[in-house]
Amino acid sequence: MNSFNFLSPTEFVFGKEREKECGKYVRKYGGSKVLIHYGSGSVIRSGLLDRVKQSLDAEDIPFVLLGGVMPNPRDVLVYEGIALCKKEKVDFILAVGGGSVIDSAKAIAMGIPYDGDFWDFYSGKAQIRSAVSVGTVLTIAAAGSEGSGDSVITKEEGMLKRGAGSEFIRPKFSVMNPELTCTLPAYQTACGATDIMAHVFERYFTNTTEVEITDRLCEAVLITMVKETPRVIADPNNYDARANIMWAGTVAHNGIVGVGREQDWNSHGIEHELSGLYDCAHGAGLAVIMPAWMEFVMHHNPMRFAQMANRVFGVPMNFENPEETAAKGIYAFRSFLRAIGMPINFEELGAREEDIPVLVEKFGLGEDGRTGGFVKLSSADVASIYKLAVKAKL
């Protein structure tokens with residue numbers, strides 16, 4: 001195990017009707033004027049937005065509203081939010097929604113005190129030195145953004161999807177009521193589940209040895225997702241299954257399962273180009289890319305994949321031929337994705353094989369660059385993974 005520092009200071013407010021307490025927590029963390037940031041009309045139709053507003057009114061905290069966040073949140077709305085917050089002297093941003101809303105809120109938060117273009121943080125031109133405080137009311141279990149210091153935004157010019165991260169944008173508190181996820185369509189639930197599993201796999205496939213405790217934590221989250229996802233798809237109102245999935249999403253991405261070990265994140269980077277170009281759901285793109293990445297890198301350490309196959313999917317271990325066990329585990333993962341309604345190849349996702357050169361170019365490694373933790377990938381390797389995703393089948 002590697003040396004590490006671990007800090008996860010977000011206060012998680014979990015359970016039924018806890019959104020009615022938002023105002024109290026905004027007050028606790030120093031908010032005196034709030035931007036309520038949200039997505040589409042669902043938070044309005046469900047009455048959630050009204051409950052949040054009432055909680056702020058109860059604490060005599062003024063607020064302004066900015067809705068319209070899209071999946072794969074755009075820079076255009078971030079610029080609008082920064083301008084609005086500066087004009088209204090907002091000092092706290094409350095994101096009401098899923099990962100896209102939270103990521104957009106974080107981008108606004110980092111942009112308010114910054115004199116330049118907030119995109120500098122996403123292009124690598126600047127480091128985040130300060131940010132307005134953020135809180136969340138989570139409505140989708142997926143991205144883990146409610147407990148992380150990460151944000152991903154899409155720049156409309158060129159449809160570039162890029163990430164930025166800092167402890168300055170980790171939420172001060174996150175309200176988590178599993179009931180708020182019960183109205184999600186099955187496809188959206190499955191996309192979220194896929195994203196949660198991918199967050200774990202990006203940490204699980206590592207070159208760091210002697211990491212039994214975090215291996216077992218990773219496996220626990222994965223096993224939970226394999227069990228609970230079909231349950232909520234069959235019964236969307238299963239509160240207990242929803243609760244397990246919601247907390248799994250947080251645990252998967254608040255850092256606890258990745259401490260002390262090298263991580264990878266190539267699958268996320270490769271997928272970002274798909275959802276950037278095609279505007280597909282991030283989880284759906286990961287369902288296509290992650291098994292293809294596994295197939296491409298499996299031979300680097302077959303026993304790690306065989307361990308996953310055995311511990312997570314119950315594949316009998318073949319110690320004489322661990323590659324066989326590993327391959328069966330990848331097949332089991334892809335079969336699970338298909339069973340919960342996810343696409344498994346380019347055609348099902350709506351992607352095109354002829355666009356692979358564009359995707360590789362946007363990925364941005366150039367001729368000699370390499371990226372990744374578990375296996376360092378070149379542009380040619382990335383193209384090969386896309387090609388495996390084109391042909392994937394069961």
So [X] and [Y], would you call those rings parallel, tilted or perpendicular, with 30° and 60° as cut-offs?
X    : Y    : result
F305 : F374 : perpendicular
F333 : F201 : perpendicular
W247 : F12  : perpendicular

Working for side-chain contact (heavy atoms from CB on, under 4.5 Å), residues T136 and L94: CA-CA 5 Å; T136 86; L94 185 59; 5.8 Å; no

CA sep, side-chain torsions, deciding dist, call: R261, T206, side-chain hydrogen bond (donor to acceptor under 3.5 Å, both in side chains): CA-CA 7 Å; R261 56 196 294 147; T206 182; 4.7 Å; no

N-O pairing of [X] and [Y] below 4.0 Å:
X    : Y    : answer
K16  : E21  : no
D381 : R370 : yes
E80  : R74  : no
E348 : R338 : yes
K172 : E11  : no
R162 : E273 : yes

Return yes if a side-chain donor-acceptor contact under 3.5 Å exists between [X] and [Y], otherwise no.
X    : Y    : result
S145 : H253 : no
E146 : T250 : yes
W293 : E295 : no
N244 : T224 : no
K161 : S275 : yes
Y122 : D75  : no
E323 : H299 : no
D355 : Y386 : no

Test side-chain contact (heavy atoms from CB on, under 4.5 Å) applied to M110 and F168, step by step: CA-CA 8 Å; M110 68 178 80; F168 288 110; over 6 Å; no

Tell me whether [X] shares a hydrophobic cluster with [Y], the cluster being built from Ile, Leu, Val, Met, Phe, Trp, Tyr side chains joined at under 4.5 Å.
X    : Y    : answer
L184 : L286 : no
V360 : L377 : yes
V221 : F313 : yes
I102 : L56  : no

Test side-chain contact (heavy atoms from CB on, under 4.5 Å) applied to I128 and Y114, step by step: CA-CA 9 Å; I128 304 167; Y114 184 57; over 6 Å; no

Got a second to check how far [X]'s [atom1] is from [Y]'s [atom2], nearest 0.5 Å?
X    : Y    : atom1 : atom2 : answer
R18  : L138 : CZ    : CG    : 14.0 Å
K362 : L274 : NZ    : CG    : 10.5 Å
H37  : S100 : NE2   : OG    : 10.0 Å

Set of salt bridge (Lys or Arg N to Asp or Glu O under 4.0 Å) partners for D50, sequence neighbours left out: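 In terms of salt bridge (Lys or Arg N to Asp or Glu O under 4.0 Å), with neighbours along the sequence ignored, D50 is linked to K53.
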
Evaluation steps, side-chain contact (heavy atoms from CB on, under 4.5 Å), between L66 and Y38: CA-CA 7 Å; L66 180 62; Y38 59 97; 5.9 Å; no

Pair F118 and Y79, ring centroids less than 6.0 Å apart: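 Yes, the ring of F118 comes within the 6.0 Å limit of the ring of Y79, centre to centre.
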
Worked verdict on R129 versus E167 for salt bridge (Lys or Arg N to Asp or Glu O under 4.0 Å): CA-CA 10 Å; R129 302 298 182 190; E167 287 302 315; over 6 Å; no

Within 6.0 Å of NZ in K155, more than 12 heavy atoms from elsewhere: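 Check passes, neighbour count above 12.
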
Salt bridge (Lys or Arg N to Asp or Glu O under 4.0 Å) between K28 and E59, intermediate numbers included: CA-CA 11 Å; K28 176 179 178 178; E59 294 289 333; over 6 Å; no

Heavy-atom donor-acceptor pair, T229 side chain to A193 backbone, under 3.5 Å: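 Side chain of T229 to backbone of A193, a donor-acceptor pair under 3.5 Å: no, none is there.
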
side-chain hydrogen bond (donor to acceptor under 3.5 Å, both in side chains) evaluation trace for D91 with S32: CA-CA 7 Å; D91 61 9; S32 62; 2.4 Å; yes

For Q307, all residues meeting side chain to side chain donor-acceptor pair (under 3.5 Å), sequence neighbours excluded: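 Once residues adjacent in sequence are excluded, the partners of Q307 under the side chain to side chain donor-acceptor pair (under 3.5 Å) criterion are Y204, D215, E219.
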
